[in-house]
Engineer: 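Can you keep this structure in mind? I'll have questions shortly.
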Amino acid sequence: MDKNEKYNCIAAVAVDQTENANHAAHRARVAYRVSAASIAVNLLLTAFKFFAGIAAHSMAMLSDAVHSASDVFSTFIVMLGVKIGGKPGDKNHPYGHERFECVAAVVLAAVLAGTGVLLGYGGVRSLVKERYAAAVTPGTLALVAAAVSIAVKEGMFWVTRAAAKKIDSSALRADAWHHRSDALSSVGAFAGILGAKLGVPVLDPVASLVICLLIVKAAADIFVDAVRKMTDEACDPKTTQTLQTLIAAQEGVEDIDKLLTRKFGDRIYVEVEISVNGDIPLRDAHEVARRVHNVIEEGLPRVKHVTVHVNPSDHEQNDF
């Protein structure tokens with residue numbers, strides 16, 4: 001390898017590192033902006049719910065206020081997960097820290113499941129002991145607070161979910177569903193308060209049981225998604241087909257001998273073996289490999305690292 005090739009290789013590595021750093025910084029900015037807004041809104045909403053619950057004598061609203069307060073804790077977990085996940089590779093984690101974001105998603109799934117179970121447990125106890133029959137009729141302020149909470153938390157769900165899709169963040173997606181769980185909790189509070197005011201207090205525990213099932217299912221989906229990304233799951237067929245199309249379109253590629261993908265947190269690693277004319281100079285074969293490497297990283301921003309191996313076209317084909 002002459003000096004020019006060495007300089008080109010060094011420059012290519014520097015470009016990859018810069019692109020990865022820019023990608024991580026962009027993801028962090030989006031996540032921090034959404035998370036900061038979530039914390040501010042949750043603090044205001046929690047204070048309003050506590051006030052409404054005390055002033056309107058509503059235990060359902062006080063419980064809902066506690067749920068909103070837990071969202072602040074969850075959002076801090078998201079910010080921590082994104083921060084650690086965006087750190088560059090080091091001696092102990094040479095491939096990067098992206099999987100820490102999945103760890104944050106697992107923690108949030110556990111918190112979400114715990115919230116759902118507690119709501120369900122409270123509903124069952126109320127039904128078994130018929131506590132709802134002796135409940136004090138809450139004031140109208142509690143009903144208003146529940147309605148406001150539903151609207152605000154549902155809006156936060158859609159905003160956070162959109163940001164999660166934009167940067168493909170497991171932790172942010174989990175936080176979005178935590179907002180949805182809070183909205184569902186407020187729906188239960190609204191039904192319970194309205195039921196009590198209409199003389200049907202049993203609606204409160206029944207709504208809690210339904211909400212419990214919805215929240216636990218959301219937690220399970222988040223947990224499964226995070227685990228898949230932590231266990232080197234291959235990419236979906238659509239992504240694989242896109243990779244095959246990009247690779248096959250490059251000049252000099254005669255065949256694709258092997259194509260392997262694996263998810264690393266919210267990023268992708270690609271390993272590919274291509275066949276080229278065995279009679280061309282090594283420099284030309286290297287140029288073909290370089291084009292394949294570049295088109296993959298340019299075509300799929302989620303790809304963090306690409307390994308390209310070149311085989312002569314007359315070699316024995318591998319299965320893939």
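Scope of the values below: all heavy atoms of this structure, side chains included, with no hydrogens, waters or symmetry mates. In this chain, residues are counted from 1 in sequence order. Bear in mind the structure is a predicted one, so any value in this text is a computation, not a measurement.
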Engineer: Tell me the closest heavy-atom pair linking Val276 and Ala285, and the distance in Å.
Structural biologist: CG2-CB, 4.2 Å
Engineer: Under 4.5 Å between side-chain heavy atoms, hopping through other hydrophobics if needed: is there a path connecting Ile280 to Val253?
Structural biologist: yes
Engineer: For the side chain of Glu297 and the backbone of His293, is there at least one donor-acceptor N/O pair under 3.5 Å apart?
Structural biologist: no
Engineer: I'd like to know if Trp158 and Leu184 are part of one continuous hydrophobic network [Ile/Leu/Val/Met/Phe/Trp/Tyr, side-chain heavy atoms within less than 4.5 Å].
Structural biologist: yes
Engineer: Any chance you could lay out the side chain to side chain contact (heavy atoms under 4.5 Å, CB included) test for Asp182 and Met156, step after step, and finish with the verdict?
Structural biologist: CA-CA 10 Å; Asp182 202 4; Met156 291 175 69; over 6 Å; no
Engineer: May I ask you to decide if Arg302's main-chain N or O and Arg267's side chain share a donor-acceptor pair within less than 3.5 Å?
Structural biologist: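 Judged by distance alone, yes, a pair lies under 3.5 Å.
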Engineer: Restricting to side-chain hydrogen bond (donor to acceptor under 3.5 Å, both in side chains), what partner residues turn up for Ser35, sequence neighbours left out?
Structural biologist: none
Engineer: Please output the side-chain donor-acceptor pairs of residues 210-222 that fall under 3.5 Å, not counting sequence neighbours, one pair per line with the distance.
Structural biologist:
{"residue": "Lys217", "atom": "NZ", "partner": "Asp221", "partner atom": "OD2", "Å": "3.0"}

Engineer: Counting only heavy atoms not in Phe223, do more than 12 sit closer than 6.0 Å to its CZ atom?
Structural biologist: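 12 or below, so no.
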Engineer: So if I apply the side-chain contact (heavy atoms from CB on, under 4.5 Å) rule between Val308 and each of Ile274, Asn294, Ile247, Val270, which one comes out positive?
Structural biologist: Ile274
Engineer: Do Arg291 and Val288 have side chains that approach each other closer than 4.5 Å (heavy atoms only, starting at C-beta)?
Structural biologist: yes
Engineer: So, does Thr245 use its side chain to make a donor-acceptor pair with the main chain of Gln241 at under 3.5 Å?
Structural biologist: yes
Engineer: In sequence, state the C-alpha distance, the side-chain angles, and the governing distance for Thr239 and Thr261, and then conclude on side chain to side chain contact (heavy atoms under 4.5 Å, CB included).
Structural biologist: CA-CA 9 Å; Thr239 300; Thr261 62; 6.0 Å; no
Engineer: List the residues meeting ring pair (Phe, Tyr, Trp, His ring centres under 6.0 Å) with Phe157, not counting sequence neighbours, and say none if there are none.
Structural biologist: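 Per chain and number, Phe157 pairs via ring pair (Phe, Tyr, Trp, His ring centres under 6.0 Å) with Trp177.
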Engineer: Checking side-chain hydrogen bond (donor to acceptor under 3.5 Å, both in side chains) against Ser275, which of Asn311, Asp257, Asp255 comes through?
Structural biologist: Asp257
Engineer: Could you verify whether a donor N or O on one side chain and an acceptor N or O on the other, from Lys153 and Ser186, lie under 3.5 Å apart?
Structural biologist: no
Engineer: Atom CZ of Arg173 and atom CG of Asp175: how far apart are they, to the nearest 0.5 Å?
Structural biologist: 12.0 Å
